[in-house]
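Notes to accompany the following structure.
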Amino acid sequence: MKITDFIVEFLISKGVADVFGYPGGVICHFIDSLSKYDTIKQHLTYHEQGAAFAACGYAQERCSLGVAYATSGPGATNLITGIANAFYDSIPVIFFTGQVDTYGLKGSMDIRQRGFQETDMVSISSSITKYSVRIDEPNDIKKELEKAYYYATEGNPGPVLIDLPADVQRAEINVNALEDFDNGNSTLCEPLDDAIRTIVDTIRKYQRPCLLIGNGVKQSGIRDKVRILVERLGIPAVFSMPAVDALPYNYEYNFGFIGANGHRYANFVLGKCDLIIVIGSRMDLKQVGNDRERFAPQAMIIRVDIDRGNLGYKVHKNEMAIRDDIRHFVPEFLKHIDNTSSVDFSGWMKVCKSIKKRLEGYDDEKYTKLIADFSEIIKDDVVITADVGQSEVWVSQNFRFKRNQSFHISGGHGAMGYSLPAAIGSYYASGKPVVSFNGDGGIQMNIQELQFVAREYIPICIVVINNHSLGMIRGFQEANFKKNYQQTTQDTGYLAPDFSKLAAAYDITYKKVRSVDEIRELEINYIDPVIVEIEIQEDTILNPNFGQTGEIQNQRPYLPQDIYEEIMHL
Ligand SMILES: Cc1ncc(C[n+]2csc(CCOP(=O)(O)OP(=O)(O)O)c2C)c(N)n1
């Protein structure tokens, strides 16, 4: 059997139905093999970065393996941003790159390059993958594919890169003679009963507990189980920004997302609670702040995470760490708490509700209201993606997520250009319509993928929140560079195109809205692709932000002292 046929059959056996990529001479064997099978479809993007993000969106929406491919050299290096995105956001993706023939590789020769478009992708990608390998020996293929799949999906998931020299791709193998990968039967789950009993006892001793839910909950596909957990415990839940959709917006236990640009009320709930149970969140700087001991200083922290490294990066010195796969932990935890055994936290819930009532809408501006209104007209069962910038945070802050909607962003890597290709991948993962939010800057980073949307005529509503500037950085310059808006505004070198003309060029329907009423009149049919431009002023700002005092609830612009005190004394 030809190696690339074997690879395709392997991917099919793992349930992969759609792969994304871009051709080049030394990946043509793989492309040729993909075309032989009806159960897997290859999708041509217009840039390898688009393919990488599409594979991320596909894996995020499906909670399973995504695949992207590229040719050697420039094709492969174009994948890098997407690979890093998958690494930081724990997205299981296998990236296949073509490579020159093994006999044309430079090896240890003291030259930069021997073969045309030869680039050492293994070393380039090694710090942003869980595993990276060039397959030089055809008979290693089975073992290496199994290993790649294992690393991509087991433990804390992430990207893997397989570099395939052209002669290896076309080699014939005897399938029956191939070696398997032995993972050493490593069990990642430690005995849990005692730990869970301790948690249950601990909860009983505290008055103001809360759950902090991270992206791991979504990636693990356990949103529903976590909802049951929240209900049984009867305690407030807050989220990291990428997990803001983990529970529906109007759910009574939902108290918003925390962190630098998080909901003020979410940060106050954390600031006031005495016990935080963290599930699937790595608690990075944007959520916790630089001064980790000052994060929720009165609270005991219990963290559940599969990643030993994440647990080692402590927030409080005396926190309790449980290393487990949350897909295993949450059902086990549920077994230990039934509706009758939980303590009554209704008094604390009442406090949280008052905090929310007092602060919800405190930072509202015209444009943030537009997003809330926009979300009201979006039906359930739709995927939402957002690009990096102010618009992403406004969406996180204001979109009212419904139960069957899911939301994907480029969290850790924060890569502009993610939203549109990730929307494409999400569509193939679920068959659901997608609403992709973009800034006028971010959309231009992978704007070529509009051609993909037009070509395949897929139901993606591409929203461009156009403030005619690179708003997030403009805001940073406003705060830190005395308004020296270099390269971020229309007066200083940045320009956005006329999006109506752009839509016409790609033959995509275009609509423009400026007000709530115009938004209400929008008729999105979830069948045709459409570009919706929401035009807002250049000097839009992003509030709230982390303040300087270290307490997570003390965001800028600072609350009047009397309101702050009033809430802290609730
Ligand atoms: C690939 C990449 N380059 C640069 C940045 C730095 N950056 C973060 S947000 C931002 C501005 C985004 O502008 P726009 O897409 O118009 O959205 P807005 O902030 O105006 O809503 C920039 C340049 C980044 N995150 N990613």
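We count ligands from 1, going down the list as the structure has it; atoms in each ligand are counted the same way. Bear in mind the structure is a predicted one, so any value in this text is a computation, not a measurement.
Among Q49, M472, H468, Q444, the residue whose heavy atom lies nearest to atom 9 (S) of ligand 1 is M472.
Between G471 and ligand 1, an N or O atom pair is found at a separation short of 3.5 Å. Close N/O approach between G414 and ligand 1 is found [any backbone or side-chain N/O within under 3.5 Å]. Geometrically, ligand 1 and W394 share no nitrogen or oxygen pair separated by less than 3.5 Å. Checking only distances, I473 never comes within under 3.5 Å of ligand 1, N or O to N or O. Between S391 and ligand 1, at least one pair of N/O atoms sits closer than 3.5 Å.
The single protein non-hydrogen atom nearest to atom 26 (N) of ligand 1 is M416 N, 3.2 Å, given as residue, atom name and distance. Taking atom 11 (C) of ligand 1 as the reference point, the nearest protein heavy-atom neighbour is L470 CB, 3.8 Å. Here the heavy atom of the protein found nearest to atom 17 (O) of ligand 1 is G439 CA, 3.7 Å.
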Under the side chain to side chain donor-acceptor pair (under 3.5 Å) criterion, do Q117 and T71 qualify, and how do the steps go? CA-CA 9 Å; Q117 296 185 328; T71 192; 4.7 Å; no
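The atoms of ligand 1 that sit less than 4.0 Å from any heavy atom of D440 are 16 (O). Distances below 4.0 Å separate heavy atoms of G441 from the following atoms of ligand 1: 14 (P), 15 (O), 16 (O). Which parts of ligand 1 touch S469 is read off a 4.0 Å heavy-atom cut-off, strictly below it: atoms 16 (O), 20 (O). The N467 neighbourhood of ligand 1 comprises atoms 20 (O), with distances under 4.0 Å to a heavy atom of that residue. Interface atoms of ligand 1 facing G442, defined by a heavy-atom separation under 4.0 Å, are 14 (P), 15 (O). Remark: ligand 1 atoms within the under-4.0 Å shell around heavy atoms of G389 are 9 (S), 19 (O).
Of all non-hydrogen atoms in E61 and S426, the two that sit nearest each other are CG-O, 3.7 Å. Considering all non-hydrogen atoms of both residues, S419 and D387 come closest at N-OD1, 2.7 Å.
The main-chain N or O of N543 is never found under 3.5 Å from a side-chain atom of D363 such that the two would form a donor-acceptor pair.
The pair D307-R282 does not meet the salt-bridge criterion, since no charged nitrogen lies less than 4.0 angstrom from a carboxylate oxygen. With respect to R134 and D120, no salt bridge is recorded, no charged nitrogen being found less than 4.0 Å from a carboxylate O.
A side-chain N or O of N446 and one of Q49 form a donor-acceptor pair less than 3.5 Å apart. Counting only N and O atoms by type, the side chains of S469 and T489 include no donor and acceptor under 3.5 Å apart. Q553 and Y564 share a side-chain donor-acceptor pair at under 3.5 Å.
Between P421 and T45, the closest side-chain pair of non-hydrogen atoms is not below 4.5 Å.
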